Amino acid sequence: MKPRLLCPGPTPVPEETLLELARPVTFHRSAQFRSVLGSVVADLQQVFCTKNPICVLTSSGTGGMEAALTNVIRPGTKILCCISGRWGERWKNIAKAFGAIVIEVTCPYGEANTPAQLAKALAEHPDAAVVTATLSETSTGVRNDIKGLGAVVKDTKAVFIVDAISGLGVMECRTDDWNIDFCVTGSQKALMLPAGLAFVAVSDKGWKRVDEVLTQGPACSFYFDLRKYRENLKNNDTPFTPANTLIKALSHSLARLKTEGMEKVWQRHERMAAAARAAATGLNLKLFARVNPTAGLTVYEIPSGMDGSVLLGRLEKEHGIRIAGGQDTMKGKIIRLAHMGYIDFFEVLAAVSALEMVLADLGHKVESGAGVAAAQRAFSSWKAGA
Ligand SMILES: *Cc1c(COP(=O)(O)O)cnc(C)c1O
């Protein structure tokens with residue numbers, strides 16, 4: 001059976017990137033490597049829509065989040081965390097681990113944080129030095145209005161930090177225009193690589209905060225001290241041994257994005273997402289995020305009474321389709337079908353088709369082909385900007 005990976009990370013890796021990963025390991029302190037890193041950062045700037053430097057870290061995505069936070073907080077710093085799911089909660093947990101005072105700006109799971117609610121919280125806490133948010137809340141399938149949230153933070157003294165880990169390279173994310181001071185992503189989502197790299201784009205306002213915090217006492221982190229990355233980046237270098245094999249492979253995945261162009265990349269994902277959402281009616285399933293769905297994955301509710309682990313297990317065992325379940329409190333309540341990066345529309349159709357079969361077999365009322373047909377119709381009639 002052919003395994004098909006449709007999870008929101010890690011995601012499938014294109015052939016030319018895999019071939020690069022198969023090549024012999026090379027030394028990283030070399031002119032060749034510096035040239036690769038220089039061009040990778042330049043290509044990443046297009047993906048991030050930023051002119052600012054991008055720190056390339058050897059870690060999973062959470063390392064990038066920790067890097068952003070530890071460079072702007074000290075014990076006692078007040079931070080506002082916009083929370084719409086488990087990933088928003090991760091910001092809170094990192095901040096607490098380093099002794100920050102966290103003010104939670106929450107909304108129910110399945111909904112998005114609003115600029116109005118953030119504006120109210122900022123008015124109540126004018127001493128907040130940091131605001132965090134999540135572009136694509138992968139745990140619930142919600143898209144947050146980063147542009148709107150950024151506009152609220154812009155004229156305050158706070159820096160705006162965004163987890164764009166499953167959203168960047170999927171949907172519109174304009175780091176500079178949207179006033180994002182620290183934009184974080186990881187390698188194993190839309191960037192079509194294995195896990196192992198994290199990226200943090202830092203604005204001038206962000207760097208000012210970093211330099212200011214470090215005058216107040218010792219750094220919170222040694223490995224993630226972003227000043228070291230900024231300094232080394234001037235020579236297209238890194239302070240520590242980089243995952244140079246992954247960085248070379250990244251140049252191939254980025255070439256795909258560059259050739260397609262970011263606007264087209266965003267449209268491709270929006271179109272697949274529209275099709276995956278339309279499939280819900282045919283599958284006779286409810287969408288979990290009804291109002292502001294993300295474009296990187298679609299979250300369906302598991303019909304009441306059905307065992308979600310049986311459903312997911314059978315999809316994989318009988319059809320080779322690996323999709324994700326819910327995390328923590330959402331376990332057994334939802335399934336999460338990813339359509340980002342190298343996952344294409346026909347894999348989404350395959351997953352919908354397999355879902356129809358297994359759901360029907362588990363006694364769910366679903367007509368054979370109805371989900372696939374609905375997805376096809378939505379895909380065919382999709383128009384950019386409609
Ligand atoms: C996948 C994901 C992360 C992942 O972090 P890792 O440390 O790479 O596991 C963080 N935030 C979001 C929104 C994600 O989708």
Side-chain angles (χ1 to χ4, degrees), residues 37-38 40-57 61 63-74 77-82 88 91 94-95 100 113 115 118-119 122 126-136 144-165 167-169 171-186 191 197-216 219-221 224-234 236 238-239 262:
L37 185 65
V40 157
V41 169
D43 290 350
L44 280 171
Q45 284 173 320
Q46 289 189 28
V47 179
F48 276 78
C49 302
T50 185
K51 293 199 179 65
N52 292 318
I54 297 172
C55 302
V56 179
L57 314 173
M65 297 171 77
E66 182 163 326
L69 266 194
T70 50
N71 278 265
V72 297
I73 59 171
R74 339 203 106 260
T77 300
K78 190 183 265 189
I79 160 170
L80 295 187
C81 294
C82 296
W91 282 127
I94 301 171
N113 292 116
L118 176 60
L122 268 169
D127 53 337
V130 180
V131 173
T132 65
T134 312
L135 171 59
S136 172
N144 282 297
D145 175 9
I146 296 302
K147 184 183 182 185
L149 297 172
V152 169
V153 185
K154 181 176 176 246
D155 294 321
T156 70
K157 68 164 196 160
V159 290
F160 186 40
I161 307 188
V162 174
D163 170 357
I165 294 176
L168 194 92
M171 47 202 199
E172 188 175 17
C173 180
R174 300 186 184 273
T175 302
D176 292 355
D177 291 352
W178 292 3
N179 305 295
I180 304 171
D181 298 307
F182 295 80
C183 190
V184 181
T185 200
L191 295 183
L197 292 175
F199 311 92
V200 188
V202 187
S203 74
D204 290 341
K205 184 180 176 185
W207 284 121
K208 246 180 94 187
R209 171 74 192 169
V210 172
D211 292 328
E212 174 193 306
V213 163
L214 284 157
T215 61
Q216 297 164 8
C220 277
S221 176
F224 289 133
D225 182 345
L226 289 177
R227 292 171 307 166
K228 294 177 183 150
Y229 292 85
R230 175 177 59 182
E231 219 27 57
N232 277 271
L233 206 51
K234 289 177 185 157
N236 293 325
T238 56
M262 290 318 293

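Everything numeric in this text was worked out from a predicted model, so none of it was measured.
- Thr175 contributes atom OG1, which lies 4.5 Å from atom CD1 of Ile180 (distance to the nearest 0.5 angstrom).
- The shortest non-hydrogen separation linking Val153 to Thr156 is O-OG1, 2.7 Å.
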Take Asp225 and Asn71 through the side chain to side chain contact (heavy atoms under 4.5 Å, CB included) test and state the conclusion after the steps. CA-CA 7 Å; Asp225 182 345; Asn71 278 265; 3.9 Å; yes
task: Give the intermediate values and the outcome of side chain to side chain contact (heavy atoms under 4.5 Å, CB included) for residues Val184 and Trp91.
output: CA-CA 12 Å; Val184 181; Trp91 282 127; 4.2 Å; yes
Please assess Met65 against Ile165 for the test side chain to side chain contact (heavy atoms under 4.5 Å, CB included), listing each intermediate value before the final yes or no.
-> CA-CA 9 Å; Met65 297 171 77; Ile165 294 176; 4.0 Å; yes
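- Within the 4.5 Å cutoff, the side chain of Val130 has no heavy atoms near those of the Phe182 side chain.
- Of the possible polar contacts, one joining the Arg74 side chain to the Val213 backbone as a donor-acceptor pair under 3.5 Å is found.
- When side chains are defined from C-beta on, Val72 counts as touching Val210, because their heavy atoms get closer than 4.5 Å.
- No donor-acceptor distance shorter than 3.5 angstrom exists from the side chain of Thr134 to the backbone of Asp163, with no hydrogens or angles considered.
- Nearest heavy atoms, Ile161 versus Leu69: CD1-CD2, 3.9 Å.
- Separation of atoms CD1 (Ile54) and CG (Leu233) is listed at 8.5 Å; rounding is to 0.5 Å.
- The two residues Ala198 and Gly61 come nearest to each other via the heavy atoms CB-CA, 4.3 Å.
- When atom types are taken as modelled, the side chain of Asn144 and the backbone of Asn113 share a donor-acceptor pair closer than 3.5 angstrom.
- Between Leu191 and Leu44 the shortest side-chain heavy-atom distance falls below 4.5 Å.
- Separation of atoms OG1 (Thr70) and CG (Leu226) is listed at 6.5 Å; rounding is to 0.5 Å.
- The closest side-chain heavy-atom distance from Leu149 to Val131 is not below 4.5 Å.
- The minimum heavy-atom distance linking Asn179 with Gly150 is given by the pair CB-O, 3.9 Å.
- Looking only at atom types and distance, the side chain of Asn232 has no donor-acceptor partner in the side chain of Thr238 under 3.5 Å away.
- Inter-residue side-chain proximity for Thr185 and Cys173 is flagged as unmet; no heavy-atom pair is nearer than 4.5 Å.
- Atoms CD1 and CD, from Ile146 and Glu172 in turn, are 12.0 Å apart once rounded to the nearest 0.5 Å.
- Closest approach of Leu168 and Leu135 over heavy atoms only: N-CD2, 3.9 Å.
- The shortest distance between side-chain heavy atoms of Arg230 and Asp211 falls below 4.5 Å.
- Taking 4.5 Å as the limit, some side-chain heavy atom of Asn52 sits within range of a side-chain heavy atom of Asp204.
- At a threshold of 4.5 Å between non-hydrogen side-chain atoms, the residues Asp177 and Cys49 do not count as touching.
- By the 4.0 Å N-to-carboxylate-O rule, Glu212 lies close enough to Arg209 to be salt-bridged with it.
- When all heavy atoms are compared, the tightest approach of Phe48 to Cys183 is CE2-O, 3.4 Å.
- At most 12 heavy atoms of other shown residues, nucleotides or ligands fall within 6.0 angstrom of atom NZ in Lys147.
- Taking CG of Leu118 as the start and CG of Leu80 as the end, the distance is 6.5 Å to the nearest 0.5 Å.
- Using a distance-only test at 3.5 Å, with no hydrogens or angles considered, no donor-acceptor pair links the side chain of Lys154 to the main chain of Trp178.
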